[in-house]
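Below you'll find the structure, written out as structure tokens, and then a few comments.
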Amino acid sequence: MKTLLKIFFLMAVISLVAGCNKDVLFDEQSTDPQLKKAHVEETVPFKADFTVWDQSDYTDVTCGGYPVFRLTMIGEGVATHLGKLSTSFTFCCNVKTGEYYNTDVVFTAANGDELYASIPIGQILPNEGDNSDYYQTYFNDKMEFTGGTGRFKGASGEAMSNAFVHDDPVPENWHTDFFCTGTLTLVEGKK
């Protein structure tokens, strides 16, 4: 009877874990006692709406020089799991072809926790959509989450950038609006 009770209990635990759509991981190799406890990964929807403005130093030749510049975009907005946020993007961009690469992204929540992402490669294209009278170009490339600090430590997942560029002739009015959607995998118990 005790064996049957143990089997029933084990099946209930497995069903509970599977029903919650979470993966439990153990880091048995670690010598750090904090990392030996169970880690639960939870995948949740990610949605972010934010705007960035160009803060680039066009004399930076880190990416090779004209027509490829190291660009920096700084902005703010809101996102699920971050709330109100500030963000920065740095990347290499060929201003003649619109190709960009090595994009490092930092999203900073109001409490200071950071979520990191990268866009390995992408291209800015002419916008021929319904909103082309305001947004002249757009890009929709995969953004990969690569960890973070605080509650985003060990985070992973991906989202599509879904970004539209307003190429205003007045530099202060030029900006890019992002409407990102995807999934974010958070690791609980890893503090």
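- For the pairing with F91, the ring-ring contact (aromatic ring centres under 6.0 Å, His included) check across Y101, Y100, F69, F139 returns one residue only, Y100.
- Below 30°, between 30° and 60°, or above 60°: for F46 and F145 the angle between ring planes is above 60°, a perpendicular geometry.
- Looking at T87, its side chain never comes within 3.5 Å of a backbone N or O of G75 through a donor-acceptor pair.
- For the atom pair OG1 of T183 and CD of E42, the computed distance is 12.0 Å after rounding to the nearest 0.5 Å.
- With rounding to the nearest 0.5 angstrom, the OG atom of S156 is 6.0 Å from the CD atom of E41.
- When all heavy atoms are compared, the tightest approach of E114 to V106 is CD-CG1, 3.9 Å.
- The aromatic rings of H175 and Y134 sit tilted relative to each other, their planes meeting at an angle between 30° and 60°.
- Separating the SG atom in C92 from the CZ atom in R70 is a distance of 5.0 Å, to the nearest 0.5 Å.
- Remark: side-chain polar atoms of N162 are paired, donor with acceptor, to backbone N or O of F179 under 3.5 angstrom.
- Considering H81, R151, K153 as possible partners of D113, the one that fulfils the side-chain hydrogen bond (donor to acceptor under 3.5 Å, both in side chains) test is R151.
- A donor-acceptor contact shorter than 3.5 Å links the side chain of N127 to the backbone of Y135.
- With hydrogens and angles ignored, the 3.5 Å screen pairs no side-chain donor or acceptor of E99 with any backbone N or O of I121.
- Between D54 and T72, the closest heavy-atom pair is OD1-O, 3.5 Å.
- When hydrophobic clusters are built by joining Ile, Leu, Val, Met, Phe, Trp and Tyr residues whose side-chain heavy atoms come closer than 4.5 Å, directly or via intermediates, M73 is grouped together with I124.
- What you find for L71 and C93 is that their closest heavy atoms are CD1-CB, 3.5 Å.
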Inset, instruction - Walk me through it: do K96 and Y66 pass the test side chain to side chain contact (heavy atoms under 4.5 Å, CB included)? - result: CA-CA 9 Å; K96 284 191 169 190; Y66 183 83; 3.0 Å; yes
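- F89 and Y58 fall within a single hydrophobic cluster, where Ile, Leu, Val, Met, Phe, Trp and Tyr side chains are chained together by heavy-atom contacts under 4.5 Å.
- Linking ILVMFWY side-chain heavy atoms closer than 4.5 Å, directly or via other members, places V52 and L115 in a single hydrophobic cluster.
- Between the CG atom of L125 and the OG1 atom of T97 there is a distance of 10.0 Å, given to the nearest 0.5 Å.
- Taking OG1 of T90 as the reference point, atom CG of D60 lies at 10.0 Å (rounded to 0.5 Å).
- Nearest heavy atoms, I119 versus S161: CD1-CB, 4.5 Å.
- The two residues A155 and L186 come nearest to each other via the heavy atoms CB-CD2, 4.3 Å.
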Inset, instruction - Go through the steps for S132 and Y138 under the test side chain to side chain contact (heavy atoms under 4.5 Å, CB included), then give the verdict. - result: CA-CA 9 Å; S132 62; Y138 81 101; over 6 Å; no
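- Partner of P120 under the side-chain contact (heavy atoms from CB on, under 4.5 Å) criterion, out of E144, K142, M143: E144 alone.
- Clustering ILVMFWY residues whenever any of their side-chain heavy atoms sit less than 4.5 angstrom apart, transitively, puts V44 in the very cluster that holds F152.
- Counting non-hydrogen atoms of neighbouring residues, nucleotides and ligands closer than 6.0 angstrom, the CG atom of D130 reaches no more than 12 such neighbours.
- Listed for the Q136 side chain is a donor-acceptor partner under 3.5 Å among the backbone atoms of D167.
- The nearest pair of heavy atoms linking W174 to H166 is CD1-O, 3.2 Å.
- With rounding to the nearest 0.5 Å, the separation of OG1 in T137 from CD in E128 is 12.0 Å.
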